[in-house]
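Beneath this line is the structure, given in structure tokens, with notes to follow.
Note that ligands are numbered from 1 as they come in the structure, with each ligand's atoms numbered from 1 the same way.
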Amino acid sequence: MPTALRDSGITVIGDVPWGGHFSIFYETRSDLLDTVAQYFRAGLANNEACLWVISDPLTKKQARSALRRRVPDFDRHLAARNIEILSSHEGYLKGGRIDARRIIRGWQAKLRTALDKGCEGLRICGDTAWVEREHWQSICDYERKFHAALAKHRMIALCAYPLSKGRATDVLEIARLHQYTVARRKGEWEIVQTPDLKQAKQELQRQNQDLEQRVIERTRRLEVANEALRAQIAERRRAEEQLRAAQDEIARVARLTTLGTFAASVAHEINQPLTAAVANSEAALRWLRKQPPNFKGAHNTVKCALTDANRAAAVIKRVRSLLTRARPRFVSLDINDVIREVLALTRRDQDGRQISVQTKLSSKLSPVRGDRVQLQQVMLNLILNAIEAMSANKKRPRNLLITSRMNRAGSVLIAVSDTGPGLDSESAGRLFDPFFTTKAKGMGMGLPICLSIVEAHGGRLWASPNSPRGAVFRFTLPAAGKRWLRAKRRQPSS
Ligand code: ADP
């Protein structure tokens, strides 16, 4: 059955579903007529068939004229048989007896006719002003059965009881047999309280409280969750701050480390020529202390000391230029000269570690375009690395071979080979990574610096195994172009 609600037309009752069964206790005739008119007006407006069973002393004529005054288009509805008015004898008391089944069957027949006509359903109003005391039990029995039957039909019913006739107990009994009971007294509405209604209200109140309680509980849980969320956010913020502080610290340490490493590498570069200068000066003193003094020997060693000191000064100059971002000084140079200079500088290391040094320097090299100090630095690093690699093993022959030649591409190719332990597969891939070192006091900056210098000169630097043992470090330098050389020659030397 459709559950669509019907407008009862009675404000205090509102919308009711099909099967709605309600009663009204009225005080005056106009209380009855006003209520019935409102009820039918809504029914007719919503295409329901309407049936009014009136009661003495109201006559059909009076009923019609009362509705005519209160219901729009009443006569049209009457002519279309949308509304029918029956007397209590026709409606309830056929044969002078209240027969609940017969009466209900009568309503069901009226409903079928209404539905056949295309109406939505049937709306009944029965006035019980005719009911006398002796009918009371039968009318209650009828109401009970009607109540049960209504639930299955597209019908709604309003049972009207005059207040003047009913006793308080009767009112309550009637109220109990209906879903809603209202009273109309001189135009004013009152809702009749019944134990069921009271219970329903209490149930509603209980459910409301329950709902409220659930809302409170839910709100509390949300607040707890919110609080936890807030705490998590605060915790996250704290963690982020800690992370930021840690990152700052890392950056600070990294700056210090870079500076420290840089300073150490500068020290390494300067230390070599200074050590050599000191050694040569001591040698010169020894020559001079001889009897008679050997001025020639002293002169030669002082000259060597001077060269060493100049190299140290050049390194310092280079570092200074690096710090002031001065551009490298590219000149045309013979790389063989650079190799010889560096070999001379490292003689002390070679001798001290019993290294046999061999050179195969091509006399047909093209000049290269380069910064002398930077290229010295490359050679120095490669030679010192080779010497250090071979120093570890005392038994093997310690052969350092330095070669230079032109390669097929027209570049100068320099190779530094040793007979040390060579490169294991792990180190081979990381040799040029900054700070990669296998030495206890190593810095891991030598090879990365060499790589960046060679690349800045337009060359390549790489390492490979030597045969039968050791390592070979090779680098190329592009030959200085003729045009550049001509231009360079025209420039005044600085
Ligand atoms: P450092 O000499 O301070 O370790 P380098 O960058 O010059 O820094 O060298 C990095 C590493 O490369 C060395 O620690 C060593 O393990 C390896 N290496 C360099 N040259 C040789 C070589 N001739 N033979 C074997 N290993 C070498």
Review point. Which of the listed options, V472, N385, L382, L423, holds the heavy atom that is closest to atom 27 (C) of ligand 1?
Key: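 Answer by nearest heavy atom: L423.
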Practice item. Please work out which of A428, G422, A440, S417 has its closest non-hydrogen atom nearest to atom 25 (C) of ligand 1. Key: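 Among A428, G422, A440, S417, the closest heavy atom to atom 25 (C) of ligand 1 belongs to G422.
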Point to revise | T437 N/O to ligand 1 N/O under 3.5 Å | key: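 Min N/O separation from ligand 1 is below 3.5 Å for T437.
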Check each atom of ligand 1 against the heavy atoms of [X] and keep those under 4.0 Å away; list them by number with element.
{"X": "L431", "result": "12 (O), 17 (C)"}
{"X": "F436", "result": "10 (C), 11 (C)"}
{"X": "T438", "result": "13 (C), 14 (O), 15 (C), 16 (O)"}

Quick test of your reading of the model: are [X] and [Y] salt-bridged, counting only N-O distances below 4.0 Å?
{"X": "E241", "Y": "R237", "value": "no"}
{"X": "D337", "Y": "R340", "value": "yes"}
{"X": "R221", "Y": "E217", "value": "yes"}

Review point. Taking atom CE of M390 and atom CZ of R353, what is their separation to the nearest 0.5 Å?
Key: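 Rounded to the nearest 0.5 Å, the CE-CZ separation comes out at 10.0 Å.
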Practice item. Of the side chain and backbone of F473, name the one, both, or neither that has a heavy atom under 4.0 Å from an atom of ligand 1. Key: side chain
**Study point:** Among T275, D308, T301, T307, side-chain hydrogen bond (donor to acceptor under 3.5 Å, both in side chains) partner for N280
**Key:**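 So the option named by the test is D308.
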**Study point:** Heavy-atom nearest neighbour in the protein, as seen from atom 23 (N) of ligand 1, with distance rounded to 0.1 Å
**Key:**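 For this ligand atom, the closest protein heavy atom is D418 OD2, 2.9 Å.
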**Study point:** Cation-pi, Y39 ring and R123 (6.0 angstrom, 45 degrees)
**Key:** yes
